[in-house]
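First comes the structure, then the notes that go with it.
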Amino acid sequence: MVEDPQLHKPLRPKDGTAGIERPRALADSIPEQAEPLLALASRHVVSSRQFDRATLEQLFRLSAQYESTPALMHLPLQGKILISAFYEPSTRTRLSFESAWHRLGGDIMSITDAKSTGMAKGESIQDIAEMFNNYGDVIVLRNNEDRAIYDMLDSLRIPIVNAGNGIDEHPTQALADLYTIFKWRPDLLDRDLPADQRIRVGIIGVPNRMRTVRSLLLLLARFPEAVDEVVLFTDEDSPFDPGQREELEDFGLHLRVARDLDGELPGLDVIYINAIAWVGDGYEELGTDLKLSTQSPLKPGSIILHPLARGEELSTDLDPTPHNWYFAQARGAVFVRMALLTCMVRRVSEVMDTP
């Protein structure tokens, strides 16, 4: 067997600080206020509905501080223990949470298979929650059942973070999505943004069956002054749950459903694409005929987001282009989760001392 020539090539430096001016610009654009973060202390985070605009802005400010000054960061969660309970396959979300916790100085206990817990013996989710209370300081849970995390709440005395519950929600993914958009354009936080500066967002996905899309729409609705229109691309006849569209429009979000992706792409500033919906113990692919590649008529300067993992819906030939913000999106998720976890476990007065 011939030796692979790649073995003789030096590694390229990590680009974890690439584009460092973007998080700094975002942090500088948001005045510091400790009060909104008080609502996160010793609280569960289960739904995007829990976040108001002021809390989101301060979370993004703290995330940007963590991202732009990693060398100056202290270890606010030293001595704290995270229970990382992932009862559904995950790469990015689980490693992102665990990386965030380690960077904050904490220790981790991981569960990566429900069959390795008392659930395999028929133990109730409430009893498992009681046990969690004794072993850690915060829980991150991914479960393929929508109600499981809600059924634990009454039994918990430590905070829990929803890392994806069936087809219901994935709030921290939505935080990472919105953080990426505001790093790209911090001016979108301006409440008096001129109408001609607002963005048009295209979402390729099904909001009533994709937790990432559901949670993102809820957070976008907190910033209606930044968004001219959200265009949903789907081949589903009924992409919304009863009342879902009305809830978003009551916040001021303008929604439209379309099928002609290529016809709309030249007018879209942000394109969010996903094709996976988790159902029970497996997943289904939706809208696989809606694809992006360098052959797509993308608007110059537009950005593409994807929660990953991707399939054929997002071509790798877009990776080296300026449209690729999905890798930055995945990297930024670590810092968003650092900010959130810090606020949940530490006192706000200590959080705001971060450089």
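Both backbone and side-chain heavy atoms feed into the values below; hydrogens, waters and symmetry mates do not.
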What distance separates [X] [atom1] from [Y] [atom2], expressed to the nearest 0.5 Å?
X      : Y      : atom1 : atom2 : result
Leu188 : Ile199 : CG    : CD1   : 5.0 Å
Tyr87  : Ile128 : OH    : CD1   : 5.0 Å
Phe51  : Ser215 : CZ    : OG    : 9.5 Å
Lys80  : Leu75  : NZ    : CG    : 14.0 Å

### Query
Would Glu57 and Arg53 pass as an ion pair if we require N to O under 4.0 Å?
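The answer is yes: the pair qualifies as a salt bridge.
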Distance-only check: which donor-acceptor pairs under 3.5 Å involve side-chain atoms of residues 173-183, not counting sequence neighbours?
residue, atom, partner, partner atom, Å
Gln173, NE2, Asp177, OD1, 2.7
Asp177, OD1, Gln329, NE2, 2.6
Asp177, OD2, Tyr272, OH, 3.0
Tyr179, OH, Ser63, O, 3.4
Tyr179, OH, Ala64, N, 3.3
Tyr179, OH, Glu67, OE1, 2.6
Thr180, OG1, Ala176, O, 2.8
Lys183, NZ, Glu67, OE1, 2.9
Lys183, NZ, Glu67, OE2, 3.1

With sequence neighbours left out, what residues match [X] under side chain to side chain contact (heavy atoms under 4.5 Å, CB included)?
X      : value
Pro186 : Ala25, Leu26, Ser29
Pro322 : none
Gln6   : Asp4, Lys9
Ser90  : Phe86, Thr93, Arg94, Arg142

Partner residues of [X] under the side chain to side chain donor-acceptor pair (under 3.5 Å) criterion, sequence neighbours left out:
X      : result
Arg310 : Asp319
Ser296 : none
Gln50  : none
Arg337 : Ser96, Thr172

#### Entry: Backbone of Glu229 reached by a side-chain donor or acceptor of Arg200 within 3.5 Å
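A pair under 3.5 Å: no.
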### Message
Please list all pairs meeting side chain to side chain donor-acceptor pair (under 3.5 Å) that have one or both residues in residues 148-161, counting only residues at least two apart or in different chains.
### Response
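Checked against side chain to side chain donor-acceptor pair (under 3.5 Å) - neighbours excluded - the pairs reaching residues 148-161 are Glu130-Arg157.
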### Message
Quick check on Gln197: does its CD atom have over 12 non-hydrogen neighbours (other residues, nucleotides or ligands) under 6.0 Å away?
### Response
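For Gln197, atom CD is crowded (more than 12 foreign heavy atoms under 6.0 Å).
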### Message
Just checking Arg147: does its CZ atom have more than 12 heavy atoms from other residues, nucleotides or ligands closer to it than 6.0 angstrom?
### Response
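Atom CZ in Arg147 is crowded, with more than 12 foreign heavy atoms closer than 6.0 Å.
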### Message
If we check side chain to side chain contact (heavy atoms under 4.5 Å, CB included) with Ile204, which of these qualifies: Leu261, Leu232, Asn274?
### Response
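The residue from Leu261, Leu232, Asn274 that satisfies side chain to side chain contact (heavy atoms under 4.5 Å, CB included) with Ile204 turns out to be Leu261.
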#### Entry: Qualifying ring pair (Phe, Tyr, Trp, His ring centres under 6.0 Å) pairs with a residue from residues 193-221, counting only residues at least two apart or across chains
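Applying ring pair (Phe, Tyr, Trp, His ring centres under 6.0 Å) to every pair that reaches into residues 193-221, excluding sequence neighbours, yields nothing.
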### Query
Side-chain heavy atoms under 4.5 angstrom apart, residues restricted to Ile, Leu, Val, Met, Phe, Trp, Tyr: same cluster for Val213 and Phe251?
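As far as the 4.5 Å side-chain criterion goes, Phe251 and Val213 are not connected within one cluster.
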### Message
Evaluate Val138 against Val140 for side chain to side chain contact (heavy atoms under 4.5 Å, CB included), listing each step before the verdict.
### Response
CA-CA 7 Å; Val138 67; Val140 174; 5.6 Å; no
#### Entry: Partner residues of Arg92 under the salt bridge (charged side-chain N to carboxylate O under 4.0 Å, His left out) criterion, sequence neighbours left out
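Salt bridge (charged side-chain N to carboxylate O under 4.0 Å, His left out) check on Arg92 returns nothing, list empty.
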